[in-house]
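Below: one structure, written as structure tokens.
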Amino acid sequence: MDENPSTGQNEEMMENANDQEMAVTKGSSDGEPYLGMEFESEEAAKVFYDAYATRMGFIMRVDAFRRSMRDGKVVWRRLVCNKEGFRKLRPRRSENRKPRAVTREGCKAMIVVKKEKTGKWVVTRFVKEHNHPLIAIPANGRRSVLLSQTPDEKDVKIRELTAELQRERKRSAAYQEQLEMVLRDMENHSHHLSRNIDDIVQSVKQIEAKRIAASHC
């Protein structure tokens with residue numbers, strides 16, 4: 001990942017080199033990315049490619065980025081298939097441990113978006129082809145049941161659990177907001193009640209003082 005700031009000229013030169021290095025496929029109007037496609041923000045590009053990935057049957061991963069030398073903001077972003085690259089081999093801690101499933105297969109599918117002077121984020125590179133099978137998602141969002149436990153099936157389960165986790169987080173945030181409102185109301189009521197009690201105590205003290213003064217006359 002290249003996190004070092006770079007000038008606009010260097011970024012443009014690097015983009016040109018990349019465009020010449022790998023074949024790029026222009027998309028159609030049915031929701032497929034294409035060169036020159038514009039987005040209002042980096043986040044909008046992420047949302048679009050993630051939705052595209054879901055329809056096609058793969059999982060998006062947010063990959064490398066570059067920052068501007070002027071203000072340090074991200075001006076270039078690469079979004080890839082989660083099977084991009086290869087996992088680094090690490091020595092096994094125990095011979096009894098089951099080896100991890102292979103989830104990275106060197107897939108080249110990706111899009112690259114770059115922030116232009118207009119403020120728009122533009123697709124400057126799109127690689128459509130994957131080097132592994134894709135698992136299409138039906139319109140109702142449910143996956144067909146797979147008979148074998150494969151790495152792809154695990155990816156599907158991760159996606160489903162992530163979506164469920166997001167729904168639970170939203171529900172939890174709504175409950176927390178309601179609870180905070182109740183607590184604030186209780187605190188305000190308690191403060192108001194406390195002031196009323198103080199007023200009553202003061203009134204009783206004043207009445208008692210007047211009674212004592214009257215008895216001494």
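When reading the values below, keep in mind they use all heavy atoms of this one structure, side chains included, and skip hydrogens, waters and symmetry mates.
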Subject >> Val74 with Ile111, same ILVMFWY side-chain cluster at under 4.5 Å >> reply: yes

**OP:** Could you tell me whether the side chain of Phe65 reaches within less than 4.5 Å of the side chain of Val75, counting heavy atoms only?
**Re:** no

**OP:** Check Ala44 against Ser41 and note the closest heavy-atom contact, atom names and distance.
**Re:** N-OG, 3.1 Å

Subject >> Side chain to side chain, Thr124 and Lys114, heavy atoms closer than 4.5 Å >> reply: yes

Original post:
For the rings on Phe126 and Tyr34, is their centre-to-centre separation under 6.0 Å?
Top reply: no

Original post:
What are the two closest non-hydrogen atoms of Lys83 and Arg61, and how far apart are they?
Top reply: N-NH1, 4.5 Å

**OP:** Can you measure from CZ (Arg169) to CD (Gln176) and round to the nearest 0.5 angstrom?
**Re:** 13.0 Å

Subject >> Trace of the salt bridge (charged side-chain N to carboxylate O under 4.0 Å, His left out) decision for Arg184 with Glu187 >> reply: CA-CA 5 Å; Arg184 283 197 298 268; Glu187 184 178 358; over 6 Å; no

Subject >> Candidate pair Lys108 and Glu84, rule salt bridge (charged side-chain N to carboxylate O under 4.0 Å, His left out), full reasoning >> reply: CA-CA 6 Å; Lys108 301 292 186 181; Glu84 180 269 345; over 6 Å; no

Original post:
Between Val112 and Val123, is any pair of side-chain heavy atoms under 4.5 Å apart?
Top reply: no

Subject >> CD (Glu164) with more than 12 external heavy atoms under 6.0 Å >> reply: yes

**OP:** Just do the salt bridge (charged side-chain N to carboxylate O under 4.0 Å, His left out) check on Glu42 and Lys115 with the steps written out, would you?
**Re:** CA-CA 8 Å; Glu42 178 192 1; Lys115 188 175 183 180; over 6 Å; no

**OP:** Using a cut-off of 6.0 Å, state whether more than 12 heavy atoms not belonging to Glu208 lie near its atom CD.
**Re:** yes

**OP:** Look at the side-chain heavy atoms of Ile, Leu, Val, Met, Phe, Trp and Tyr, link any pair under 4.5 Å apart, and say whether Val127 and Val80 land in one connected group.
**Re:** yes

**OP:** Compare every heavy atom of His130 with every heavy atom of Cys107, then report the nearest pair and how far apart it is.
**Re:** SG-ND1, 3.4 Å

Original post:
Considering only heavy atoms from C-beta outward, does the side chain of Thr162 approach that of Gln166 to under 4.5 Å?
Top reply: yes

Original post:
Does some side-chain heavy atom of Val62 sit less than 4.5 Å from a side-chain heavy atom of Lys46?
Top reply: yes

Original post:
Same cluster for Met56 and Phe48 if Ile/Leu/Val/Met/Phe/Trp/Tyr side chains link at under 4.5 Å?
Top reply: yes

Subject >> Cys81 vs His132, side-chain contact (heavy atoms from CB on, under 4.5 Å): CA-CA, chis, key distance, verdict >> reply: CA-CA 10 Å; Cys81 172; His132 57 88; 3.3 Å; yes

**OP:** Would you please name every residue forming a ring-ring contact (aromatic ring centres under 6.0 Å, His included) with Tyr49, sequence neighbours left out?
**Re:** Tyr52, Phe58

